[in-house]
> 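Let me begin by handing over the structure; questions about it come next.
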Amino acid sequence: MSLLDLEHTRNIGIIAHIDAGKTTTTERVLFYTGKEHDIGEVHEGAATMDWMAQEQERGITITAAATTCAWKDPLNDQRYTINIIDTPGHVDFTAEVERSLRVLDGAVVVFDGKEGVEAQSETVWRQASKYKVPRFAFINKMDKIGANFKKAVDSMVKRLNANPVPVQIPLGQETEFQGIIDLIEMKAITFEGEHGLQRVTHDIPSDYVEDAKIARASMIEKLADIDEELGMLFLEEQFDAIDDAMIRRALRKGCLNFTAIPVYCGSALRDKGVQEVLNGVLWYLPSPLDIPPVDAFDPQSDDPPEKQEPRKLPPDVNGPLACLAFKTMTEQHGDLTYIRIYSGTLKSGSSVHNPRSKKRERINRLLRMHSIKRENIDEAGAGDIVAVLGLNYTVTGDTLCSEDDHLALGAITFPATVIAMSIEPKTNADREKLANALNKMAKDDPTFRIKLDPETQQTVISGMGELHLDIIRDRILREFKVDANVGQPRVAYRETVLINGTIETEGVHKKQSGGAGSYGHVKIRWSSLPEEERDKVIVEDEVVGGAIPRQFIKSALEGINEACRTGGLAGYAVQGIKAELYDGSYHDVDSKDFAYKDASRLAYRELLEKVGTEILEPMMKVEVRTPHDFQGSVIGDLNSRRARIESTEKDDDITIITAVAPLSEMFGYVQAVRGLSQGRANYSMEPYRYEICPPHVREKIMAERGGAKAGARR
């Protein structure tokens, strides 16, 4: 792929709150670009991008799906290649959004024209900001009763702290929605014929002219702060000298440097406005050449990536090979691995190196994906998103590089699981099949965990929410043909240590017998992390003067991490703690790696004996949208669930209630909130953070764990 090809490539994601219309928008994109000859509707279970049976039945996106299409710039007939990933909107599948945004260059954020910014809208926005992904907005469903373009745009300012710059306003709203008014061309545009294929421009109707002039003046005023040339003309009031190309250039500049968010509007379901969104993708979102070079690190270095000077890799097809595996799908004939190529060229039949697994992998088949369909290709270069069939040792977050130039790209981080349940096969004959099914799904889904409960010897699976585990249970039965018994969902509690200042502990492993001895000695300084960092364990090497040889420090640090994962006095993993390995000693002959691991474990146990632990429970950010009449009942019910009401906001005919509530109290809330509101309220919920649970809850948990005698706190 040449630099010219890269300039005309876009790697984008469609992201939004659930039910905002992401997949419907993507289906129209595929139709208008000629990728599909028919439009698959989500509500009919026929969407191309929702290929899983569970997606088609429930009308939601569960797994991110990739496709490639082409679109011509109407200004110059230049053809662009667009790689698209359609992502889920439900919070239980937020990992799909996380790993997609990690490899994308730009995003279209879809908002519901009536609801504006919703809870999961904020989440995906934060994820896009985390990975510095430029984006613009599409206010969808402008034909919906209650749709209000201005209110939706204002919610972007209020809830996202964004600078939205509408480049369109709707031509009518709700049942009167006819099309859009383009503020750059100052024309009204309607979409006529079957599926709105015919774009027709009109003079702006007289009753919209004043609104359009005001909106255009506001757009130019905002862009005056972004583009110097446009700003000078604005200050000198030479408005006639500001042409369309200048406005688009300023919009692109603002989009790429995160100072402006271009805003489009339309109705994907009614075939209005999606072609304009495609134009916006070409005009405002970055090509692979517009994003900063990717950082690569030396996987063989003793220093962690954060302490290395990164190697900068621009998108050069002739550069060193650097690919990131961001998604895997286990299939009958081999794993399907989705990769983003940042540098170099990948060829079918070639071999690559995986620095994490230290394994050589062969590129048996290189594929261009279209949802679940695939097309064989011979090679792909920097800037491409493709798939490889048959990699054996590669998982999500792994780097693939050339065998003679080892490098590693930054890993992808995922949120911790918050809910668990036990699962057992109904017959012994299914035991191996169940284990195989669980292992395959865990490899594909980095937020799905499996472990054996040491007390009950039951297999426990954990995930991001009730729906997440319900989908997994359904797949086990239908996809893998395993009949299994499942327990009730359980909360994934954690423990923490509350330390005022710092505490120092010491661990010594010393064994000498007739044969070879073993020796390890560590001194560790412990402290508590701030409340907002209670989801972390920070382990640092502060050893100076060679008190512990370098070759044993890694084992000592691993021993600390392993001890925290093993759990505290109640048996839950310990987090919210910082450990500094600052001193120790060694024996010239007897020092061993395992001895330093064990010494760290002993120092950790001494800490627990000194200060005990507190139990942490996962808290959820809850947003309930209810008609005013039911506000009191909903708030009363939330209070009974130990929720903290953060805010209530009136919005036309509804009240938006924002609260923080313990996950343990929110099981089955969907039925409760429907019952309280005659089926008219809806809610969304996402993980917020871990907090120390109240004493009465702690006592109940300890009793259930059979660990009251341990006295989790002195």
Side-chain angles (χ1 to χ4, degrees), residues 12 14-17 19-50 56 59-61 65 67 69-74 80 82 84 86 89 108-115 136-149 152 166-185 187-202 204-205 208 262-283 370-371:
I12 69 163
I14 311 292
I15 61 175
H17 183 91
D19 287 337
K22 297 177 306 303
T23 302
T24 301
T25 301
T26 308
E27 293 297 317
R28 265 59 184 181
V29 166
L30 298 182
F31 178 74
Y32 295 133
T33 59
K35 192 71 179 182
E36 289 289 324
H37 299 297
D38 295 302
I39 294 177
E41 300 292 9
V42 174
H43 57 272
E44 295 173 357
T48 301
M49 303 301 278
D50 287 349
Q56 294 167 353
I60 62 172
T61 301
T67 189
C69 56
W71 187 248
K72 279 187 179 180
D73 186 337
Y80 285 72
I82 307 175
I84 301 174
D86 176 35
V108 177
V109 190
V110 182
F111 299 98
D112 185 305
K114 177 178 183 292
E115 307 297 342
F136 70 79
F138 174 48
I139 310 294
N140 190 27
K141 301 190 178 184
M142 289 309 304
D143 60 316
K144 185 178 179 179
I145 298 299
N148 186 317
F149 180 73
V167 296
Q168 303 171 343
I169 58 173
L171 183 62
Q173 287 184 161
E174 300 180 313
T175 56
E176 302 299 316
F177 180 65
Q178 305 167 55
I180 57 108
I181 295 172
D182 188 300
L183 300 177
I184 301 176
E185 297 179 3
K187 290 287 185 181
I189 302 171
T190 57
F191 304 88
E192 313 291 346
E194 186 178 9
H195 296 307
L197 279 168
Q198 188 178 356
R199 181 186 189 269
V200 182
T201 60
H202 316 262
I204 299 173
Y208 285 93
V263 181
Y264 284 73
C265 63
S267 170
L269 186 62
R270 303 300 171 209
D271 308 309
K272 299 182 189 299
V274 176
Q275 298 99 312
E276 305 303 300
V277 171
L278 276 165
N279 293 337
V281 168
L282 311 188
W283 294 338
H370 178 47
S371 186

> Working note: W71 + V281, criterion side-chain contact (heavy atoms from CB on, under 4.5 Å); need CA distance, chi angles, decisive distance, verdict.
CA-CA 10 Å; W71 187 248; V281 168; over 6 Å; no
> Could you walk me through whether D73 and W283 satisfy the side-chain contact (heavy atoms from CB on, under 4.5 Å) test, starting with their C-alpha distance in whole Å, then the side-chain angles of each, then the deciding distance to 0.1 Å, before giving a yes or no?
CA-CA 8 Å; D73 186 337; W283 294 338; 3.1 Å; yes
> Scan I139, I204, L183, V263 and name whichever one has a side-chain contact (heavy atoms from CB on, under 4.5 Å) with I169.
L183
> Strictly distance-based, threshold 3.5 Å: is any side-chain N or O of E174 a donor or acceptor partner for the main-chain N or O of G146?
yes
> Are the side chains of I14 and V110 in contact, using a 4.5 Å heavy-atom criterion?
yes
> Decide yes or no for N279 and P74: does some side-chain heavy atom of the first lie under 4.5 Å from some side-chain heavy atom of the second?
yes
> Are the side chains of V29 and I84 in contact, using a 4.5 Å heavy-atom criterion?
yes
> Please give me the minimum heavy-atom distance between T25 and V274, naming the atom from each residue.
O-CG1, 4.1 Å
> Drop me the distance from Q173's CD to C265's SG, to the nearest 0.5 angstrom.
8.5 Å
> Less than 4.5 Å apart, any side-chain heavy atom of F31 and any of D271?
no
> Is the shortest heavy-atom distance from the side chain of I189 to the side chain of H202 under 4.5 Å?
no
> Could you check whether any side-chain N or O of D86 sits under 3.5 Å from a backbone N or O of T26, counting only pairs where one atom can act as donor and the other as acceptor?
no
> Specify the closest pair of heavy atoms between G113 and A152, including all atoms of both residues, with the distance to one decimal.
O-CB, 4.2 Å
> Would you indicate whether the side-chain heavy atoms of F177 and L171 approach each other to under 4.5 Å?
no
> Quick check: does any side chain N or O of Y32 sit under 3.5 Å from a backbone N or O of E27, one acting as donor and the other as acceptor?
no
> L269 versus D143: any side-chain heavy-atom pair under 4.5 Å?
no
> Are the aromatic rings of F111 and F138 close, with centres under 6.0 Å apart?
no
> Show, in sequence, the C-alpha distance, side-chain angles and deciding distance for R199 and E276, and conclude whether the salt bridge (Lys or Arg N to Asp or Glu O under 4.0 Å) test is met.
CA-CA 10 Å; R199 181 186 189 269; E276 305 303 300; 2.7 Å; yes
> Whether the side chain of Y264 engages the backbone of N140 through a donor-acceptor N/O pair (distance < 3.5 Å, no angle test) should be reported.
no
> Under the 3.5 angstrom rule, does the side chain of Q168 hit a backbone N or O of D182 as a donor-acceptor pair?
no
> Testing the basics here: between G179 and K272, what is the closest heavy-atom pair and its distance to 0.1 Å?
N-CD, 4.5 Å
> Report yes or no: does T33 contribute a side-chain atom to a donor-acceptor pair with the main-chain N or O of L30 at less than 3.5 Å?
yes
> If I take atom NZ from residue K114 and atom CG from residue D112, how far apart are they, to the nearest 0.5 angstrom?
7.5 Å
> How long is the span from the CG atom in D19 to the NE2 atom in H17, to the nearest 0.5 Å?
7.0 Å
> What's the separation between atom CZ in F149 and atom CE in M142, rounded to the nearest 0.5 Å?
7.0 Å
> Give, for atom NZ of K187 and atom CD1 of I180, the distance between the pair rounded to the nearest 0.5 Å.
13.0 Å
> State, yes or no, whether a side-chain contact exists between K144 and E115 at a heavy-atom distance under 4.5 Å.
yes
> So, R28 side chain and A268 main chain: donor-acceptor pair closer than 3.5 Å or not?
yes
